[in-house]
Amino acid sequence: MGRILRIAGAFGLLAGAVNSLQVDFSSDDSIKQAASTVAYGLLKYYTGNNTGDTPGNLPDPYFWWEAGAMFGTMVDYWFYTGDESYVDVTTQAMLHQVGDDNDYMPTNQTRTLGNDDQGFWAMAAMSAAENNFPNPPAGQPQWLALAQAVFNEYVDRWDPATCGGGLRWQIFTFNNGFNYKNSISNGCFFNIAARLARYTGNQTYADWAEKVWDWMTEIQFIDADFNIYDGAGVEDGCVTISRPQWTYNAGIFLHGAAVMYNTTDGGAVWQQRVQGIMTRTVDHFFNNSIPVELPCEPANQCDVDQQSFKGYLMRWMAASSQMAPFTFDTLMPLVQSSAAAAALQCSGSPPASEFRGDAGTACGFKWTEQGNFDGLVGVGEQMSALSAIQYTLVKKAEVSKAPVTASTGGTSIGNVNAGATTASKLPSARSVTTAERVAAGFATTAVLLSILGGSFFVIKE
Ligand SMILES: *[C@@H]1O[C@H](CO)[C@@H](O)[C@H](O)[C@H]1NC(C)=O
Ligand SMILES: *[C@@H]1O[C@H](CO)[C@@H](O)[C@H](O)[C@H]1NC(C)=O
Ligand SMILES: *[C@@H]1O[C@H](CO)[C@@H](O)[C@H](O)[C@H]1NC(C)=O
Ligand SMILES: *[C@@H]1O[C@H](CO)[C@@H](O)[C@H](O)[C@H]1NC(C)=O
Ligand SMILES: *[C@@H]1O[C@H](CO)[C@@H](O)[C@H](O)[C@H]1NC(C)=O
């Protein structure tokens with residue numbers, strides 16, 4: 001299918017009236033048209049393909065990881081709508097940001113790059129493999145190999161020395177947050193491991209998914225009622241857990257568990273876990289069938305990152321409904337109701353400094369406000385609304401639209417040895433020679449950094 005014509009907005013302007021987003025959720029064409037309008041507004045925030053700008057980066061105030069999340073959303077946008085308008089820009093961005101080792105660790109991002117940041121780009125690559133998104137030319141990094149590179153590096157960074165295992169939030173000792181272990185970083189590991197297990201059939205990936213799950217439950221980041229908490233510092237062995245519950249943590253583990261359920265042919269162990277997270281997610285986050293980012297949304301305190309989280313919940317609920325079809329009748333009606341509420345928020349006409357899509361189609365943040373546009377706009381809001389709307393195109397038991405694997409038509413080329421060691425990436429100013437010369441001094445520095453990291457991790461977004 002070719003490009004979708006975006007005529008509704010232009011017509012509205014000609015007629016002198018400002019259009020708000022109109023969607024008939026009983027019509028796939030109408031949903032695709034609405035998704036196209038919202039996607040157009042979203043990509044207007046992107047400047048990375050302008051002359052002199054860097055492909056793959058969003059302008060301030062958006063962090064690098066959110067661009068990875070956005071291009072992951074655009075991979076799915078292409079897959080569900082068939083609209084090819086953004087394939088080139090998505091491919092360019094996803095290849096430009098691979099970094100020297102083809103692992104989504106570009107040197108420019110070293111100062112802030114955490115395991116979760118890297119993971120959102122890796123999950124975009126994994127989606128590209130699963131959706132048979134057009135493969136990069138030969139000689140360029142391939143989608144599957146990119147996801148495998150990040151998996152291999154996660155394995156390398158698994159840290160049994162503190163808290164009995166788990167990934168730290170940050171990769172480098174000098175970044176704030178190195179002494180924090182969190183659910184989203186380990187969620188990225190779990191999600192990617194499960195999907196690689198399904199795609200390749202290689203048991204090693206499934207074993208790691210099990211291992212991450214076991215650690216998450218042992219350390220009680222996932223408790224017996226399937227609440228999923230933010231994380232904890234390593235200083236006291238991850239005993240003092242920071243308890244905010246974010247929609248994206250629920251979503252990323254729900255989806256990974258659903259993939260494991262699928263990969264184990266509907267095994268009872270994973271069925272119970274999927275059921276548990278699903279039940280808790282619905283009870284905890286949904287108010288009248290509309291999700292709320294509880295730690296910040298009611299008090300109007302969500303930051304730029306958090307304003308995008310509900311979109312990932314939508315993505316992973318829809319994906320879970322395919323991998324574990326028994327969840328479809330619970331999850332997809334909620335995606336539908338969320339999409340309808342989100343679409344009603346897409347009625348804003350902020351100034352061009354805030355939004356450059358079609359007038360009357362800027363999407364607000366608080367979906368529970370329905371038609372009362374709340375004035376909060378940006379990449380997170382636009383991407384979340386796009387997600388809710390586009391994932392209503394997921395159908396029950398539509399096997400032809402299920403993510404592929406290497407044995408069901410997947411064409412992406414992998415490399416089980418992709419990736420590099422973290423040590424090889426340390427910036428030269430902090431090269432290992434220092435450590436070798438004065439090992440004692442290095443240890444002191446490490447302690448100092450650990451204190452700083454423990455005190456200030458909350459500042460780094
Ligand atoms: C960048 O990509 C967007 C979205 O595809 C497109 O509208 C815009 O024209 C592109 N800009 C340049 C300079 O190519
Ligand atoms: C790193 O930054 C330089 C200078 O802004 C830019 O030219 C280059 O494309 C960037 N590389 C990546 C991978 O973002
Ligand atoms: C696994 O996913 C496929 C594709 O959606 C689905 O057809 C199949 O029924 C799922 N397997 C199980 C055990 O639910
Ligand atoms: C659910 O939404 C209603 C209406 O917006 C609000 O009054 C109520 O406080 C919400 N409930 C919870 C538990 O947040
Ligand atoms: C399975 O994955 C592991 C971990 O990357 C790798 O070492 C092994 O070679 C893979 N096995 C096959 C048969 O590809």
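In listed order, ligands and their atoms are each counted from 1.
- At a heavy-atom cutoff of 4.0 Å, ligand 2 is contacted by both the backbone and the side chain of H96.
- At least one heavy atom of P325 lies less than 4.0 angstrom from ligand 3.
- Residue contact check: T54 has heavy atoms under 4.0 Å from atoms 6 (C), 9 (O), 10 (C), 12 (C), 14 (O) of ligand 2.
- Within the listing of ligand 2, atoms 1 (C), 2 (O), 3 (C), 8 (C), 10 (C), 11 (N), 12 (C), 14 (O) sit less than 4.0 angstrom from a heavy atom of N108.
- Taking every non-hydrogen atom of V399 and a distance limit under 4.0 Å, the qualifying atoms of ligand 3 come out as 7 (O).
- Among T200, V416, N202, the residue whose heavy atom lies closest to atom 3 (C) of ligand 5 is N202.
- The N/O atoms of Q97, backbone and side chain alike, include one that comes under 3.5 Å of an N/O atom in ligand 2.
- A donor and an acceptor atom, one from each side chain of N50 and T47, are nowhere located under 3.5 Å apart.
- In this structure, atom 7 (O) of ligand 5 is not in close contact with the protein, since no protein heavy atom lies within 4.0 Å of it.
- Results of the ring-ring contact (aromatic ring centres under 6.0 Å, His included) test with F133 over F71, Y77, W78 single out W78 as the only residue that passes.
- Separating the CD atom in E293 from the CH2 atom in W367 is a distance of 10.0 Å, to the nearest 0.5 Å.
- Between the side chain of N191 and the backbone N or O of I252 there is at least one donor-acceptor pair closer than 3.5 Å.
- Between K32 and the options D83, T37, T81, V23, a side chain to side chain contact (heavy atoms under 4.5 Å, CB included) holds for only T81.
- When only non-hydrogen protein atoms are considered, atom 5 (O) of ligand 3 lies nearest to Q322 O, 2.8 Å.
- Residues M74 and L386 meet the side-chain proximity criterion, which asks for heavy atoms closer than 4.5 Å.
- Of all atoms in ligand 5, numbered sequentially from 1 with element shown, those under 4.0 Å from a heavy atom of N152 are 5 (O).
- Within the listing of ligand 5, atoms 1 (C), 2 (O), 3 (C), 4 (C) sit less than 4.0 angstrom from a heavy atom of T204.
- Y40 is not listed as a side-chain neighbour of S85, based on a closest heavy-atom distance of 4.5 Å or more.
- A donor-acceptor pair is defined here as one N or O able to donate and one able to accept, closer than 3.5 Å; such a pair exists between the side chain of K310 and the backbone of F365.
- In terms of N/O distances under 3.5 Å, ligand 3 is approached by N262.
- Side-chain atoms of T73 come within 3.5 Å of backbone atoms of A69 as a donor-acceptor pair (strictly under, hydrogens ignored).
- Ring pair F174/F172 is parallel by interplanar angle, where below 30° counts as parallel and above 60° as perpendicular.
- The part of Y261 lying near ligand 3 is the side chain, judged by heavy-atom distances below 4.0 Å.
- Of the N or O atoms in D265, none lie within a sub-3.5 Å distance of an N or O in ligand 3.
- Proximity to A402 (heavy-atom distance under 4.0 Å) selects the following atoms of ligand 3: 4 (C), 5 (O).
- The ligand atoms of ligand 3 that sit less than 4.0 angstrom from a heavy atom of G266 are 13 (C).
- For ligand 2 and P106, the ligand atoms under 4.0 Å from any heavy atom of the residue are 13 (C).
- There is no protein heavy atom less than 4.0 angstrom from atom 13 (C) of ligand 5.
- For the atom pair CG (N262) and CH2 (W270), the distance works out to 13.0 Å, reported to the nearest 0.5 Å.
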